[in-house]
Visitor: 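Okay, here's the structure, questions in a sec.
On a predicted model such as this, the values are computed, not experimentally measured, just so you know.
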Amino acid sequence: MAPPSAGPTIFPLARLPEEWATEVVRLGGRAFHGKQVFKWIHARGVADASKMTDLPAGLRDTLSAEGLEGVLGIVTERRAADQTRKLLVGMKDGANVETVLIPRVSGGRRGELPSPLEEDADVAAAVDDEDAPPEDEGAVVPVTQCISTQVGCAMGCVFCASGVAGLKRHMRADEIVAQVLVGRTRLDAGEQIRNVVFMGMGEPLHNYDATVRALRLLTHPEGIGLSTRKVTVSTSGLVPEIARLGADFNGQIGLAISLHAADDETRSRLMPINKKYPLPVLMDALRAYPLPRRRRITIEYTLVAGKNDGPGEAKKLAKLLRGLSVKVNLIPMNPIEASTLGPPDLGGVLAFQKILVDAGYSCFIRRRRGDDVSAACGQLALLGAKPKVRVDRS
Ligand code: SAH
Ligand code: SF4
């Protein structure tokens, strides 16, 4: 007789407190120990069961034997002059992805553009105006972490290193969340991860179940405890999953849409997914997203010289977005090795922005962060960088 199906395996770091309760009971502990284990791992960052001092010794030993650690190791870490840290992290099967820690830069140290024309890189997507830090925050430096959800990506956007590489595999929920657990160990004194953006390698909504579980883990109050509104999922526009995400979290998760064009012909050329979910369908999905009051959807628009960056396109974009609660982030394309495409010059970027601002939109130019440690999201893992530091993957 076939064994009963146990359902999909939930790896230890992906278990929610109630699942830990079931697990520790199975291992001979009491249900309430489950929440303690979850807290140790996610709130305190301790995955070594022998250090979980409020558990009975027997349970500590059994959990140690299960092996909770070692989902991710840091392969390389590069720190830019602006303190952005790019971590190349390796999973047990040898696959690498990148995650980036981006500390908020205080007033005086902004880049080449006058404020408020530019915003922190991915911070811009996650932090809305009303999220200004409270006065009494003292020395806390809020950090935004950008995380990956797949090794490579199946969507094939022509300007994107992950897209050119193709999909190697989905990441599991425990691997996705482990990026934040590892990221937290790389913070400087006074820094705190306040925002997480799903803008690294991969298309989060193509890996829907793992992404949703990762969202539940990251926002669980007994764990890392991020507020849902401080977590942003960026998508190339998978329409059914946008609706699912809206329903599953009642619109509380921040949504960023990679638009990159305001007409179907241009968008399909840049992003093949547009042939499956063309703009009218995508715009309907955005209108249907149960966005809380005063929140906005982030529209990402990568400017590619000669492809989508003309004044006519800016006007089309302004018209397309009419009536939606949005903010627009312009991202001058970061050149990638596999393509001759590149960004427009600064004049072109500013002209594009001006048309949107004049049409009444909040429109920011995403500041490049961490340039001197090479590449934007999605590019580090694909440089074929030789591991400089090998860390324990056991
Ligand atoms: N797959 C998701 C999230 C990861 S990509 C998505 O596409 O939304 C995060 C953002 O970086 C997207 O807006 C993507 O279009 C943009 N991007 C990818 N490659 C880029 C490049 N070379 N230059 C500028 N932006 C890029
Ligand atoms: Fe995938 Fe996003 Fe890159 Fe497109 S831009 S290939 S969806 S990671």
Side-chain angles (χ1 to χ4, degrees), residues 3-75 77 87-97 99 101 145 147-149 170-187 189 191-193 196 209-226 231 387 389-394:
S5 164
T9 309
I10 302 170
F11 284 78
L13 294 192
R15 287 182 194 133
L16 289 157
E18 54 276 20
E19 291 158 346
W20 268 118
T22 310
E23 180 64 10
V24 294
V25 166
R26 191 181 70 80
L27 297 174
R30 308 268 302 276
F32 70 89
H33 294 136
K35 199 202 271 184
Q36 288 169 312
V37 176
F38 181 81
K39 267 190 169 173
W40 276 109
I41 296 172
H42 293 275
R44 302 188 183 121
V46 174
D48 177 352
S50 71
K51 298 199 174 117
M52 299 180 182
T53 48
D54 54 2
L55 299 183
L59 184 59
R60 287 207 295 262
D61 292 346
T62 330
L63 284 171
S64 294
E66 263 216 335
L68 303 183
E69 293 176 87
V71 174
L72 288 183
I74 298 173
V75 178
E77 174 174 352
L87 309 181
L88 186 64
V89 290
M91 290 167 283
K92 280 200 166 169
D93 65 352
N96 293 334
V97 293
T99 179
L101 295 166
Q145 184 168 6
I147 61 173
S148 297
T149 53
H170 293 299
M171 289 172 74
R172 302 189 314 254
D174 55 325
E175 294 169 330
I176 296 172
V177 169
Q179 294 171 84
V180 178
L181 300 177
V182 166
R184 228 171 23 184
T185 68
R186 309 309 304 154
L187 295 177
E191 289 182 341
Q192 255 176 34
I193 295 172
V196 168
D209 291 344
T211 291
V212 163
R213 181 171 277 274
L215 289 168
R216 297 218 185 281
L217 291 160
L218 291 171
T219 57
H220 198 290
E222 304 280 356
I224 295 165
L226 288 165
V231 181
V389 191
R390 265 203 76 95
V391 277
D392 185 20
R393 294 177 191 229
S394 62

Visitor: Taking all non-hydrogen atoms of both residues into account, name the closest pair between A178 and L13 and its distance.
Guide: CB-CD1, 4.5 Å

Visitor: Enter the distance from R184:CZ to L101:CG here, rounded to the nearest 0.5 Å.
Guide: 12.0 Å

Visitor: So do R186 and I74 actually touch side chain to side chain, heavy atoms under 4.5 Å?
Guide: yes

Visitor: Contact between R216 and R213 at the side-chain level, heavy atoms closer than 4.5 Å - yes or no?
Guide: no

Visitor: How far apart are the closest heavy atoms of T99 and Q179, and which atoms are they?
Guide: CB-OE1, 3.6 Å

Visitor: Would you say the side chain of M91 lies within less than 4.5 Å of the side chain of L72, judging by non-hydrogen atoms?
Guide: yes

Visitor: Can you confirm whether I224 sits close enough to L181 that some side-chain heavy atom of one is under 4.5 Å from a side-chain heavy atom of the other?
Guide: yes

Visitor: Check side chain to side chain donor-acceptor pair (under 3.5 Å) between W20 and all other residues, then give those that pass, not counting sequence neighbours.
Guide: none

Visitor: If you take all heavy atoms of G58 and T62, which pair is closest and at what distance?
Guide: O-OG1, 2.7 Å

Visitor: For the CD1 atom of I41 and the CD atom of E222, what is their distance to the nearest 0.5 Å?
Guide: 13.5 Å

Visitor: Would you give the length of the straight line joining atom NE2 of H33 to atom NZ of K39, rounded to the nearest 0.5 angstrom?
Guide: 13.0 Å

Visitor: Looking at CG of L27 and CG of L59, how far apart are the two atoms once the value is rounded to the nearest 0.5 Å?
Guide: 6.5 Å

Visitor: Kindly check if the number of other-residue, nucleotide or ligand heavy atoms within 6.0 Å of CZ (R44) is above 12?
Guide: yes

Visitor: Would you mind reporting whether D174 and L217 have side-chain heavy atoms less than 4.5 Å apart?
Guide: no

Visitor: For L63 and A49, work out which heavy atoms get closest and say how close.
Guide: CB-CB, 3.5 Å

Visitor: Please enumerate all residues that pass salt bridge (Lys or Arg N to Asp or Glu O under 4.0 Å) together with E23, with sequence neighbours excluded.
Guide: R15, R26

Visitor: Donor-acceptor pair, distance only, cut-off 3.5 Å: does the side chain of R172 make one with the backbone of F11?
Guide: no

Visitor: Side-chain contact test, heavy atoms from C-beta onward, threshold under 4.5 Å: evaluate it for H42 versus V177 and give yes or no.
Guide: yes

Visitor: Identify the residue among V182, L187, I193 that makes a side-chain contact (heavy atoms from CB on, under 4.5 Å) with Q145.
Guide: I193

Visitor: Among all residues two or more places apart in sequence or in another chain, which pass the side chain to side chain donor-acceptor pair (under 3.5 Å) test with H220?
Guide: none

Visitor: If you take all heavy atoms of L87 and G183, which pair is closest and at what distance?
Guide: CD1-CA, 4.3 Å

Visitor: Restricting to non-hydrogen atoms, name the atom on A14 and the atom on E19 that form the minimum distance, rounded to 0.1 Å.
Guide: O-OE1, 4.0 Å

Visitor: Would you give the length of the straight line joining atom CG of L226 to atom CG of L218, rounded to the nearest 0.5 angstrom?
Guide: 6.0 Å

